[in-house]
Amino acid sequence: MKTLPLLMVPFALIGFTSPVWADDGQLERAQLESLLDKADEYGFTHYEELSTDDGNRLELEGWGKDGWQLEVEMAVEDGSVIEEKRRKDQVPDWALSGDDVRQALSNAFDSELQQFEKFEVDRDGSIEIEGYDTQNQEVELRLDSNDFSVTGVEND
């Protein structure tokens, strides 16, 4: 009788295994697009950074209508706002519009990206997107800020 519970342990643990990216908070393309739609509804017009946090939040930094600088955390599950910060500011020239961000992400997903983790545009216009490829390996893509073409890929 004592062997039965010991034999059941490995089978019980099998149900709890999952791909690494599901636990690390990366987002699939459709999930990210849906959350960007929610960000549009919230009022974002330009972006500086998007990143996943703890697997259940998407952090967005950018600007909204009327020059408000926004820092918002959204629930990945439904796009609801968890936390927000606002301050009056001007949208800088280097910030990317929502359409530009979507084009850059689309090019990254069409290239090497399978799971999204982070998007960032710097003041000099450099665009970097981090996540995982189809082999579940970390990947960092650099994109041209003029046409959003992938100019470099680094696998870790």
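Quick note: numbers below take in every heavy atom, side chains included, and nothing from hydrogens, waters or symmetry partners.
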Which heavy atom in Q103 sits nearest to a heavy atom in F148, and how many Å separate them? CG-CD1, 3.8 Å
Beyond-backbone contact of L32 with L105, side-chain heavy atoms, under 4.5 angstrom: yes
Would you say E83 has more than 12 foreign heavy atoms packed within less than 6.0 Å of its CD? yes
Between I129 and the options V150, L113, L50, V101, the side chain to side chain contact (heavy atoms under 4.5 Å, CB included) test singles out L113
Contacts of E33 meeting side-chain contact (heavy atoms from CB on, under 4.5 Å) (sequence neighbours excluded), chain-then-number -> R29
Pair T52, V76 - check side chain to side chain contact (heavy atoms under 4.5 Å, CB included), show working. CA-CA 9 Å; T52 58; V76 167; 5.7 Å; no
Residue set satisfying side-chain contact (heavy atoms from CB on, under 4.5 Å) with K65, at least two apart, ordered chain then number -> T45
Could you name each residue pair satisfying ring pair (Phe, Tyr, Trp, His ring centres under 6.0 Å) that touches residues 73-114, not counting sequence neighbours? W63-W94
Do L35 and I82 land in one hydrophobic cluster if side-chain heavy atoms of ILVMFWY residues count as linked below 4.5 Å? no
Hits for salt bridge (charged side-chain N to carboxylate O under 4.0 Å, His left out) against E73, two or more places apart or cross-chain, chain-then-number order -> R57
Hey, could you give me the OG1/CD distance between T134 and Q115, rounded to the nearest 0.5 Å? 10.5 Å
Is the shortest heavy-atom distance from the side chain of D133 to the side chain of N155 under 4.5 Å? yes
Interatomic distance, M74 atom CE to L58 atom CG [nearest 0.5 angstrom]: 7.5 Å
Can you pull the ring pair (Phe, Tyr, Trp, His ring centres under 6.0 Å) pairs that have at least one residue in residues 69-89, sequence neighbours excluded? none
Working for side chain to side chain contact (heavy atoms under 4.5 Å, CB included), residues L141 and E112: CA-CA 8 Å; L141 296 98; E112 301 276 332; 4.2 Å; yes
Just checking D110: does its CG atom have more than 12 heavy atoms from other residues, nucleotides or ligands closer to it than 6.0 angstrom? yes
Apply side chain to side chain contact (heavy atoms under 4.5 Å, CB included) to residues E49 and F119 and explain how you reach the verdict. CA-CA 5 Å; E49 185 175 331; F119 173 99; over 6 Å; no
Is the closest side-chain heavy-atom distance between Q135 and Q114 below 4.5 Å? no
Is any side-chain heavy atom of F116 less than 4.5 Å from a side-chain heavy atom of Q26? no
Could you pull out all residues at least two apart from D99 that satisfy side-chain hydrogen bond (donor to acceptor under 3.5 Å, both in side chains)? none
Contacts of R123 meeting salt bridge (charged side-chain N to carboxylate O under 4.0 Å, His left out) (sequence neighbours excluded), chain-then-number -> none
Can you name the salt bridge (charged side-chain N to carboxylate O under 4.0 Å, His left out) partners of E120, sequence neighbours left out? K118
Under the side-chain hydrogen bond (donor to acceptor under 3.5 Å, both in side chains) test, residues paired with D122 that sit two or more places apart: none
Where at least one partner belongs to residues 38-48, residue pairs that pass salt bridge (charged side-chain N to carboxylate O under 4.0 Å, His left out), sequence neighbours excluded: D40-R102
When every non-hydrogen atom of Y47 is compared with those of A39, the smallest separation belongs to OH-CB, 3.2 Å
In terms of heavy-atom contacts, E117 and Y132 come closest through OE2-CE1, 4.3 Å
Taking side-chain contact (heavy atoms from CB on, under 4.5 Å) as the test, write out the residues that go with D144, two or more places apart. N146, D147, S149, T151
Here the pair of heavy atoms bringing G125 nearest to S145 is O-CB, 3.0 Å
Apply side-chain contact (heavy atoms from CB on, under 4.5 Å) to S34 and list each qualifying residue two or more places apart in sequence or on a separate chain. none
Apply side chain to side chain contact (heavy atoms under 4.5 Å, CB included) to residues E154 and R142 and explain how you reach the verdict. CA-CA 9 Å; E154 183 178 318; R142 288 174 298 288; 4.1 Å; yes
